Q: 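Sharing a structure with you now.
The basis for the numbers below is simple: all heavy atoms, side chains too, and nothing from hydrogens, waters or symmetry mates. The structure presented is a predicted model; accordingly, all values stated were derived computationally and were not measured.
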Amino acid sequence: MPSDSFFFSIVRDPAALARSAFSYYKSTSSAFRKAPSLAAFLANPRAFYQPGGRGDYYARNLLWFDFGLPFPPEKRIKRGNPKDPDSHQGHVLPSGTGPRAQILDPNALLQPVSTVADGHSQAVSPTSFNLGSSSFIQWGLAWLDSVFDLVMVAEYFDESLVLLADALCWGLDDVVGFMHNAQAGGEQGLRAAGTGGLTAEDQQLTARARAWNNLDWALYVHFNRSLWARIEQYGQRRLKHAVAELRARREAMAKHCLQGGKALDPKYITNSQFRPFQYGSAKVLGYALRSSLSPKDREDCERLATPELQYKDKLDAKQFPSPVSISLKTSRLLSSRHQATD
């Protein structure tokens, strides 16, 4: 990519991600498939999880995996009580490093580097750190800070969208969108990570999920902190006004575009173009468009309502047109030029 490319990504509270992943990847991950429930899995994850097991990258530190960060050998893990939320807590670097002045080589994460201890130079590699080591985690966070201009937080999605629009010099209309992949009966919106309002059982599950996914929890804490540092720079009062405006525009678009003005159970979505892929134990909600839309409005609404897989197909067709479609376009172009010359 060009050197001035803008890279951004998103993180989610590992406890919320664990609940979603267990439901969605139950049949994919061998660890999840063996466990009767998420609570049973998190009570003793080592009874179900085997490093390298089929699909088991879904079962631990999925954010870390998705970011492409290296894992140290599992044999280097310092054993702790899996029921103890503090047994694998990692410390994190200060966030808010600002514009990246130096891009770290991700491969350098696996290369020995020189450090100074007691006046003597020593060779240290992150692969020598155990999985809960703060030094190993700091390597990963430092690399991500050097690569990404913005890391959004799912629990503050609208606030993140406002910051994204601001960073790219976009207007709020450019980041108006509808929520996709929401599960029926689940939360229709995300909010701040925490334990307020949860039952004692849910609080215990949350603590265990964060402890088991300790690398993901370090990522989340780090980028939640950096997001709020950016919010302070942007101005909290200004942000509050922008978020309210964004939500008002989204609600207006939903009323204009959608049947019922909200997400629907997939059984009510007759058009396969808008029916989301169903996988796992929970129903994934989707959208149906109002029939009275004008052609122009329908085109705009389709973009907002199309699920990710169908949208990917649209992008694939645009970026990699089939030879047949290319020949048709070419013949039409040649025909129009011939008619013009006549």
Q: Does the Lys NZ or Arg CZ of Arg46 fall within the cation-pi geometry relative to Phe48 - under 6.0 Å from the ring centre and within 45° of the axis?
A: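 Cation-pi check for Arg46 and Phe48: fails.
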
Q: Show the nearest heavy-atom pair for residues Val175 and Leu161, with the distance to one decimal.
A: O-CD1, 3.6 Å

Q: Quick one: does Phe7's side chain get under 4.5 Å of Ser5's, heavy atoms only?
A: yes

Q: Are more than 12 heavy atoms, taken from residues, nucleotides or ligands other than Lys34, located less than 6.0 Å from that residue's NZ atom?
A: yes

Q: For the atom pair CG (Leu164) and CZ (Arg230), what is the distance rounded to the nearest 0.5 Å?
A: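 Answer for the CG-CZ pair, Leu164 versus Arg230, is 9.0 Å.
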
Q: Would you call the rings of Phe8 and Phe6 parallel, tilted or perpendicular, taking 30° and 60° as the class edges?
A: tilted

Q: Looking only at atom types and distance, does a side-chain atom of Asp300 sit under 3.5 Å from a main-chain N or O of Asp297, one as donor and one as acceptor?
A: no

Q: Do you know which two heavy atoms are closest between Pro70 and Trp64, and how far apart they sit?
A: O-NE1, 3.1 Å

Q: Do the rings of Phe22 and Phe41 sit parallel, tilted or perpendicular, given the 30° and 60° boundaries?
A: tilted

Q: Which donor-acceptor pairs under 3.5 Å do the side chains of residues 270-277 make with protein atoms, sequence neighbours left out?
A:
| from | atom 1 | to | atom 2 | distance (Å) |
| --- | --- | --- | --- | --- |
| Asn271 | OD1 | Gln273 | N | 2.9 |
| Arg275 | NE | Ile269 | O | 3.1 |
| Arg275 | NH2 | Ile269 | O | 2.9 |
| Arg275 | NH2 | Thr270 | O | 3.3 |

Q: Between Tyr49 and Trp212 (judged by ring centroids, cut-off 6.0 Å), do the two rings come close enough to count as a pair?
A: yes

Q: With rounding to the nearest 0.5 angstrom, report the OH to CG distance, Tyr24 to Leu17.
A: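 Reported value, rounded in 0.5 Å steps: 13.0 Å.
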
Q: Between atom CZ of Arg249 and atom CG of Asp173, what is the distance when rounded to the nearest 0.5 Å?
A: 4.5 Å

Q: For a 4.5 angstrom cut-off between non-hydrogen side-chain atoms, does Lys283 reach Gln183?
A: no

Q: Using the rule given for ring pair (Phe, Tyr, Trp, His ring centres under 6.0 Å), can you reason through Trp228 versus Tyr156, listing the C-alpha separation, both sets of side-chain angles and the distance that settles it, and then say yes or no?
A: CA-CA 10 Å; Trp228 282 94; Tyr156 295 102; 5.1 Å; yes

Q: So, for Ala59 and Ser29, which heavy atoms are closest and what is the spacing to 0.1 Å?
A: CB-OG, 3.8 Å

Q: Going by an N to O cut-off under 4.0 Å, is there a salt bridge joining Asp13 and Arg210?
A: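 Result for this pair is yes, salt bridge flagged.
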
Q: Same cluster or not: Leu315 versus Phe178, using hydrophobic residues (I, L, V, M, F, W, Y) connected whenever any side-chain heavy atoms lie under 4.5 Å apart?
A: no

Q: Say you draw a straight line from CG of Leu215 to CZ of Phe136; how long is it, rounded to the nearest 0.5 Å?
A: 6.0 Å

Q: Any donor and acceptor pair, going by atom type alone, linking the side chain of Asp216 with main-chain N or O of Pro14 inside 3.5 Å?
A: no

Q: For atom NE2 of His256, is the number of surrounding heavy atoms from other residues, nucleotides or ligands below 6.0 Å larger than 12?
A: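 Check passes, neighbour count above 12.
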
Q: Could you report the tightest heavy-atom contact between Leu289 and Gln259, atom names first, then the distance?
A: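 Taking Leu289 first and Gln259 second, the nearest heavy atoms are O-NE2, 3.0 Å.
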
Q: Is there a side chain to side chain contact (heavy atoms under 4.5 Å, CB included) between Leu42 and Leu205? Walk through the geometry before answering.
A: CA-CA 7 Å; Leu42 291 173; Leu205 188 146; 3.9 Å; yes

Q: Quick check: do Met179 and Tyr287 have side-chain heavy atoms less than 4.5 Å from each other?
A: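 With C-beta onward as the side chain, the pair touches.
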
Q: Starting from the C-alpha separation in whole Å, work towards a yes-or-no answer on side chain to side chain contact (heavy atoms under 4.5 Å, CB included) for Met152 and Val11.
A: CA-CA 6 Å; Met152 303 162 64; Val11 294; over 6 Å; no

Q: Walk me through whether Leu293 and Glu302 qualify under side chain to side chain contact (heavy atoms under 4.5 Å, CB included).
A: CA-CA 11 Å; Leu293 295 170; Glu302 280 183 357; over 6 Å; no

Q: Side chains of Tyr220 and Glu155: any donor to acceptor distance under 3.5 Å?
A: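 Yes - a donor-acceptor pair under 3.5 Å links their side chains.
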
Q: Output, in order, the C-alpha distance, side-chain angles, deciding distance and verdict of side chain to side chain donor-acceptor pair (under 3.5 Å) for Ser291 and Arg298.
A: CA-CA 9 Å; Ser291 59; Arg298 183 173 183 82; over 6 Å; no

Q: Can you check side chain to side chain donor-acceptor pair (under 3.5 Å) on Glu308 and Asn181, steps first, answer last?
A: CA-CA 9 Å; Glu308 59 181 344; Asn181 288 338; 3.0 Å; yes

Q: Answer yes or no: is there a side-chain heavy-atom contact under 4.5 Å between Phe32 and Asp56?
A: no

Q: Hey, could you give me the CG/CZ distance between Leu172 and Arg250, rounded to the nearest 0.5 Å?
A: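 The CG atom of Leu172 sits 10.5 Å away from the CZ atom of Arg250.
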
Q: Has Glu245 got more than 12 heavy atoms of other residues, nucleotides or ligands less than 6.0 Å from its CD?
A: yes

Q: Asp166 versus Val162: any side-chain heavy-atom pair under 4.5 Å?
A: no

Q: Provide the closest heavy-atom pair for Ala40 versus Pro36 in the form atom of the first, atom of the second, distance.
A: CB-CG, 3.7 Å

Q: I'd like to check Phe223 versus Phe148 (side-chain heavy atoms, cut-off strictly below 4.5 Å). Are they in contact?
A: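 A side-chain contact under 4.5 Å is absent here.
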
Q: Heavy-atom distance under 4.5 Å between the side chains of Leu258 and Arg290, does that happen here?
A: no

Q: Show the nearest heavy-atom pair for residues Val151 and Leu227, with the distance to one decimal.
A: O-CD1, 4.3 Å

Q: Side chains of Asp202 and Thr199: closer than 4.5 Å at any heavy-atom pair?
A: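 Side chain of Asp202 against side chain of Thr199, heavy atoms only: contact under 4.5 Å found.
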
Q: Run the side chain to side chain contact (heavy atoms under 4.5 Å, CB included) check on His241 and Leu246 step by step: do they pass?
A: CA-CA 9 Å; His241 175 77; Leu246 174 63; over 6 Å; no

Q: With rounding to the nearest 0.5 angstrom, report the NE2 to OH distance, His180 to Tyr311.
A: 9.5 Å

